Peer 1: 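Okay, handing you the structure first.
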Number of protein chains: 2
Amino acid sequence: MPRPRTHDEALRVRLLDRAGRLLSSEGAAALSLRRLAADVGTSTTAVYSLFGGKPALLRELYVEGFRRFNARLRAVEHTGDPAEDLVRIGIVYRQSALADPHLYSIMFTRVLPDFEPDADAIAESTAAFMPLVEVVREAIESGVFTQTAPDTVAITSWGLVHGLVSLELNGNLPPGMDVAGAYEDALRANVRGWLKT
Amino acid sequence: MPRPRTHDEALRVRLLDRAGRLLSSEGAAALSLRRLAADVGTSTTAVYSLFGGKPALLRELYVEGFRRFNARLRAVEHTGDPAEDLVRIGIVYRQSALADPHLYSIMFTRVLPDFEPDADAIAESTAAFMPLVEVVREAIESGVFTQTAPDTVAITSWGLVHGLVSLELNGNLPPGMDVAGAYEDALRANVRGWLKT
DNA sequence: GGAGTATCCAGAACGCCGTTACCAAACTCG
DNA sequence: CGAGTTTGGTAACGGCGTTCTGGATACTCC
């Protein structure tokens, strides 16, 4: 009896894909449901039947961003020297952010006024934080780092990379500076600060 | 021949004040021109004759935020030990952000979709960055810190405090943790990382 | 004092937005 | 072939930032 449905999984993927591209190419203001629906050749109703509304669609982009982040950070292979691993993770963190800057801005800034991450979404974000905690714990237990709460060291490191990447993406860094070089210097100084003396 | 103007300096101040309060108490979504005008007993026209539009009004809040930040950071008195000064500036940075969290979010996140800082506004932001550079330069010249580009150290420190404050304001930090304590530990580790060995 | 006029600003109008309600369209089954 | 049912495009609603406009206002000049 039903009419053949066109609001299917394929359309869902096309909407998400187009939303991401729209966001990165024309900014948050260009990402309206009318525009999005017109671009993929459907109506705004599709977003409601497939996601439930605009915030729900943005939520998908948010968790997708953390999923990619997570994968990239976990792919960093350990060298046996946890201090060096910490630096490597930091470098991959920046590369991940620069690879999907529009996703990064959804994840960590409030570019999209209609979306606030709920508890579940935030849980997804803290998961991305785990590889960092593991490496730090290893560094402390093996005696490379001074005896401290692993959370403190991990959060400090996260704050550092997040802050630097935010400043870079916001254009707050002095023009013409060697960002990659300064970034690595910062990571190494951070590690030095926690070494057991 | 003219009719006495009511769109005057006093109204301008009242609009800015109300906009700030609206933002901090009810969030970015509540800050609409219609609502704002109704609250202070005028019409939306006032915002256009006094500022030029909504983005221009938000710009005023942005520079006001940096002005306060600037004043607070410059008020930190130097102890003679530049390493200690750097820690103190970091602590005041966090206090400033927590004192005006809504202004901080205008300054460093994109809560307000209609506003993007222009070059002049960004220049205002880098001015707030100067006390930091001075202290770092002093630490390097006096031989306390290792020989490095002062910009690198200053930006690292800024990134660290900005990142930690952002994570805190975004609710990304584990609940129940001693934020102030961990924050100070982070500042001291950062300083240690740059000490001349 | 009344007429004219230059100025100002509240409110209506416009084209967007997210969201919701509705009903024409399109299929299966008796 | 008609009845029934699920589907989704269209249109309506309230709100937004912005623009336009017309009536109210207060001064000058006769």
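Every value quoted in this text rests on a predicted model; they were computed, and no experiment measured them. Numbered from 1 within each chain, the chains take letters A, B, ... in sequence-line order.
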Peer 1: In whole angstroms, how far is the P atom of C/dA10 from the CZ atom of B/R5?
Peer 2: 12 Å

Peer 1: Starting at CG of B/D8 and ending at P of C/dT7, how long is that distance when rounded to a whole Å?
Peer 2: 19 Å

Peer 1: To the nearest angstrom, how far is A/L36 atom CG from C/dT19 atom P?
Peer 2: 13 Å

Peer 1: Just by protein heavy atoms under 4.0 Å, how would nucleotides 14-22 of chain D read 5' to 3' in B, S and -?
Peer 2: --BBBB---

Peer 1: Quick check: closest heavy atoms across A/M177 and B/I155, and the distance to 0.1 Å?
Peer 2: SD-CD1, 3.4 Å

Peer 1: With a 6.0 Å cut-off on the ring centroids, do A/F108 and A/F66 count as close?
Peer 2: yes

Peer 1: Return the value, rounded to whole Å, for the distance between atom CZ of A/R59 and atom P of C/dG18.
Peer 2: 20 Å

Peer 1: Compare side-chain N and O positions of A/T6 against OP1 and OP2 of D/dG8 and report whether any pair is under 4.0 Å apart.
Peer 2: yes

Peer 1: Does any pair with a residue in residues 86-105 of chain B pass salt bridge (Lys or Arg N to Asp or Glu O under 4.0 Å), and if so which ones, sequence neighbours excluded?
Peer 2: B/R68-B/D100, B/R94-B/E168

Peer 1: State whether a side-chain donor-acceptor pair under 3.5 Å links A/N172 with B/T126.
Peer 2: no

Peer 1: Rounded to whole angstroms, how far apart are NE2 on B/H7 and C1' on C/dC9?
Peer 2: 5 Å

Peer 1: Taking C-beta and beyond as the side chain, do B/L132 and B/I89 meet within less than 4.5 Å on heavy atoms?
Peer 2: yes

Peer 1: Distance check needed: C/dC17 P versus A/L22 CG, whole Å only.
Peer 2: 11 Å

Peer 1: When you look at CZ of B/R74, are more than 12 heavy atoms from neighbouring residues, nucleotides or ligands closer to it than 6.0 Å?
Peer 2: yes

Peer 1: Is A/T42 close enough to D/dG8 that one of its side-chain N or O atoms is under 4.0 Å from OP1 or OP2 there?
Peer 2: no

Peer 1: Within this structure, what is the CZ-to-C1' distance between A/F51 and C/dT19, rounded to whole angstrom?
Peer 2: 16 Å

